[in-house]
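Below is one structure, written out as C-alpha cells, with a few remarks after it.
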Amino acid sequence: MERVTDLFDPDRVAVVGATDRAGSIGRAVVENLLDGFRGEVVAVNPDREEVLGRPCYPSVSEVPGPVDLVVVVVPARVVVPVVEEVGECGIDNVVVISAGFGETGEEGARRERDLRAVAERYDLTLVGPNSLGIISTPSGLNATFVEGDAQPGSISFLSQSGAFIAAVLDWAVTRHIGFKDVVSLGNEAVLDEVDFVEAWGDDPDTDVVLGYVEDVDDGRRFIETTREVTRETPVVLLKSGRTEAGASAAASHTGSLAGSDRAYEAAFQQAGVVRADTVQELFDYGQVLAGEPDLSNRSVGILTNAGGPGVLAADAVEDTGLSLATFDDATRERLRSVLPRHATARNPLDIIGDAGLDRFEAALEVLLEEGDLGSLLVIACPTALFDFEEFADRLADVAEASETPLVTCLMGGESAARAARRLAERNVPNFFDPARAVQSLGVLAEYQQFRTREPATVERFDVDTDRAAAVLDRATERGRTQLGPEAMELLDAYGIPVPDGQLVESASAAADAAAHIGEEVVMKVVSPDIVHKSDVGGVEVGVAPAEASAVYETLLARARAHDPDAEVLGVYVQELVDVESGVEVIAGAKRDPQFGPLLMFGLGGVFVEILEDISFRVGPLAPAEARAMTEEIRSAPMLRGARGRDPVDIDAVVEVLQRLSQLAADFPRIREFDVNPLVAAPDGALAVDFRVTVDAD
Ligand code: ADP
Ligand code: MG
C-alpha cells in the first residue's frame, strides 16, 4: 500500500476552502499547515485573493505547478464537484474534512455515495469525509484543525473518532509520547482502518500501530490483512463497546452468549492484535511494543529501593502470566558483594531506602549480567540520597546498552515527572504504577507469542455437503427455521459422530424405535417452540422399550402443559449414551454480521449461561485455533482428567470443532447452532443434542 503512505509525504498541499475568517475550520487548517510544514502550502478559495498573506487561487485546476495533497474544507454540498476537479487534475491524495455526509442522514448518505463513486472513478487515495485530518511529523505536516500538535516519534495512530484524536494528542504531550503519522478516518468512504494498518505495516518509520476503533466493516479482510502485519509490526487497538446491550432473544446458548464483542475479542486475538481497554493501556502497550527488544524468557527481575512497591509488582507478575525470576547461587553471591549486610539477595531485589545511585547501578549490572532475566523492572521512590533526573539518565544508558527489555517505575511527584520526561526522550517506558509496568511486560510476551505463531492453515474434511443441503432444504420447504435433534443428520453428513436416533410421531412408533435402538433409550420432545427441552420435562433418560409408548404420551402432555400452543413434531428416540464416562461440553457457531461464523466452545450442559466458561474464535478454524479453544476455558483441567478420571479425547473434540466450523462456513443460511452436550469421552466425542436456526428462505 505504497499509495496510502504517499498521503503523509506531500511536497505541496492545497487547502480548498482556505480562509482568514477567525474561528473557522478553513483558517485553522491553514494555520496548522503553515506552522512547521517543510513543504509548501497553497490556498484555494474562489472568494479570496489572499489568505493569511499568501496568494489564493480560485480553484484547484488554476493552481500553478504540481499539487500532491488536497485538503477539502468547503461546505458539504460542493465537496463532490471539488473532488471531481481534483481527480481531473490528476492529483491522487485527498483529505475531506468537510462534514455533512453519512453521519447526517439520507441526503448526506447520498452525497457520500457520490463522493465514493468519484473517488473510485479517479482511483483517489481519499481520507474522510468528516475527518479531523492527518498529521505526519517527519515533514511537520499537520493538515488538521486540532489545537496543538504531535511530537515526533515512531507510533502511528488511527482513529474512527475525531474527537478522540484531539484529546489523545493533547494528552500525549504531557506523557511525552511521539507520533509518526496520525489519521482521523472520518466516515471511511474510501480508506478504512485496514488500509492504514496495512500501509504502516510496511513503513520503516512506524514501530507500532495504535488505533481507536468503533467497528470493523469487513471482518474477514481485517483478520487476514492484520494477521500478516502483526508478524512484523505490533498493532494495539482500543475498541469501544465491551458492554453490550443484551443480545436479542436468542434461540441457542451460542446465540445468547456470542455477542459482537466476543467476535471482536476473538478476531483481535486471531489477527495478533493487542487489545487495550483504556487510553492509558493503549499508550502503555504502544510504548513498550515500540521500543523494547524481545524477551528471551518469561521471567521478570524486579529491582527496587522500596519494599511495598516491589511486592505490588511481584503480585502483578503472578497475575500477568509472567514469572518471578529466581536468582542462582552465583548471582546471589555477587549481589551480596554489592548490597549492605541487612539486604536480602532475592527477587524482588530490595536494595533498601538508603541506596544511592552507585548501589542501584551495581545491582543493575549484576542482574543484567548474571540473572538470565527475560525482562527487568526498576522501581524507585524518591529519597534524598540521589537525584531522580540523574538516575533517569543513567537508567537510559543502561537500557540502551542492554539486550534485556527494561522498564521503569519512578514513583513520586514533581521530580518523578521531570525524570519521566528524560526517560521518554530516550524511549525507556516508564510507569507511575508498578502493576501497569508489569502488565506492559505481559503484553510484550503476548505479542511475541503472536508473532512466532505458526501460520493458520485450515484443513478441509471430506463431507457430504449434498446430504446436509438436503436436510436444510427440507426444513425450508416446510417453513421451519428452528430445528432440533431431528436435524442430527446435518452433523452426521459432516462426519461428526452422533448416537443412533429417530424422530417418531406416535406412541406405537416410539415403542418400535426403542426396541430397535437398544435396551434402554432416551426420549426427547421435538418442538420448534421448546428451546431447552429438559426445562419442561421434555427429556427422559433410560427408558426401557416396554415403557416407550407411555413415555411418548407423557412427554407430549408435558409439552402441552408448558405451552398449549407449542407445535410438537413428535419425539426423538435416541440411543442411551454413557455421559458419565466423559464431560458434557458445548460446541456451537453463530453468524456474525462483521466476521462471519463465530465458533464457541465451553463447558456444556444446562448451566452454560450461568458458568459462562466459554471460548470463541472466528471461523474457519485452523487446527491450532480449535485446540486453543479447548485449552482456554477455566475447566480445561477437567478435560485433561481431573481427580483420577481419564483424560478425554481432545483430538476428537478438536476435530468436531473444525468440522462444525466447516459446516458453518459452507452454509451461510445457518444463523446459529449448538451441539449441547457434545459428550467428550476418553474414547471419542459424541454429539448428543443439537439445535439449529436457519434463515427463512
Ligand atoms: P435440552 O438441552 O434441550 O434440555 P438435551 O438433549 O441436551 O436437551 O438433554 C438434556 C440432558 O440429558 C443432557 O445434558 C444429558 O445429560 C442428558 N441426555 C440427553 N441425551 C442423552 C443420551 N442420548 N444419553 C444420555 N444422556 C442424555
Ligand atoms: Mg441440550
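Order of listing sets the numbers, starting from 1, for every ligand and every atom in it. No hydrogens, no waters, no symmetry mates; every other heavy atom, side chains included, goes into these values. None of these values were measured; they are calculated from a predicted model.
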[atom]: which protein heavy atom is closest, and how many Å away?
atom	result
atom 17 (C) of ligand 1	Val541 CG2, 4.1 Å
atom 4 (O) of ligand 1	Ser534 OG, 2.4 Å
atom 3 (O) of ligand 1	Lys533 N, 2.7 Å
atom 15 (C) of ligand 1	Glu584 OE2, 3.5 Å
atom 24 (N) of ligand 1	Val577 N, 2.9 Å
atom 22 (C) of ligand 1	Val522 CG2, 3.4 Å

field: Part of Asp578 with heavy atoms under 4.0 Å of ligand 1, whether side chain, backbone, both or neither
entry: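 For Asp578, no heavy atom sits under 4.0 Å from ligand 1.
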message: Below 4.0 Å, non-hydrogen atoms only: which portion of His532 touches ligand 1? Side chain, backbone, both or neither.
response: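 Just the backbone.
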Using a strict cut-off of less than 4.0 Å between a Lys/Arg side-chain nitrogen and an Asp/Glu carboxylate oxygen, indicate whether [X] and [Y] qualify as a salt bridge.
X	Y	answer
Asp195	Arg221	yes
Arg275	Asp261	yes
Arg467	Asp492	yes
Arg478	Glu567	no
Arg220	Glu224	yes
Asp651	Arg627	yes

Any non-hydrogen protein atom less than 4.0 Å away from atom 11 (C) of ligand 1: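 Given the 4.0 Å cut-off, atom 11 (C) of ligand 1 does not count as touching protein heavy atoms.
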message: Nearest N/O/S atom of Asp689 with respect to the Mg ion (ligand 2), by atom name, please.
response: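 Minimum-distance N/O/S atom of Asp689 relative to the Mg ion (ligand 2) is OD2.
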task: Assess the pair Phe268 and Phe450: is the distance between their ring centroids shorter than 6.0 Å?
output: no
message: For the aromatic rings, using the six-membered ring if either is Trp, is the centroid distance between Tyr212 and Phe157 under 6.0 Å?
response: no
Which ligand 1 atoms are under 4.0 Å away from a heavy-atom of [X]?
X	result
Lys524	6 (O), 19 (C), 20 (N)
Pro677	7 (O), 13 (C), 14 (O)
Val579	25 (C), 26 (N)
Val688	19 (C), 20 (N), 21 (C), 22 (C), 23 (N)

- request: Please determine if Glu575 has a nitrogen or oxygen closer than 3.5 Å to a nitrogen or oxygen of ligand 1.
  value: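 It does: an N or O of Glu575 is found under 3.5 Å from an N or O of ligand 1.
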- prompt: Can you check whether Asp689 has an N/O within less than 3.5 Å of an N/O in ligand 1?
  reply: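 Between Asp689 and ligand 1, an N or O pair is found under 3.5 Å apart.
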- prompt: Between Tyr572 and Lys524, is there a cation-pi geometry (under 6.0 Å to ring centre, at most 45° from the normal)?
  reply: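 No, Lys524 and Tyr572 do not form such a contact.
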query: Is the closest side-chain heavy-atom distance between Asp192 and Leu185 below 4.5 Å?
result: no
field: Under 2.8 Å: N/O/S of Ser534 next to the Mg ion (ligand 2)
entry: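 It does not; every qualifying atom lies at 2.8 Å or beyond.
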- request: Please determine, by modelled atom types, if Glu112 and Asn187 share a side-chain donor-acceptor pair under 3.5 angstrom.
  value: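 There is such a pair (donor and acceptor under 3.5 Å, judged by atom type) between the side chains of Glu112 and Asn187.
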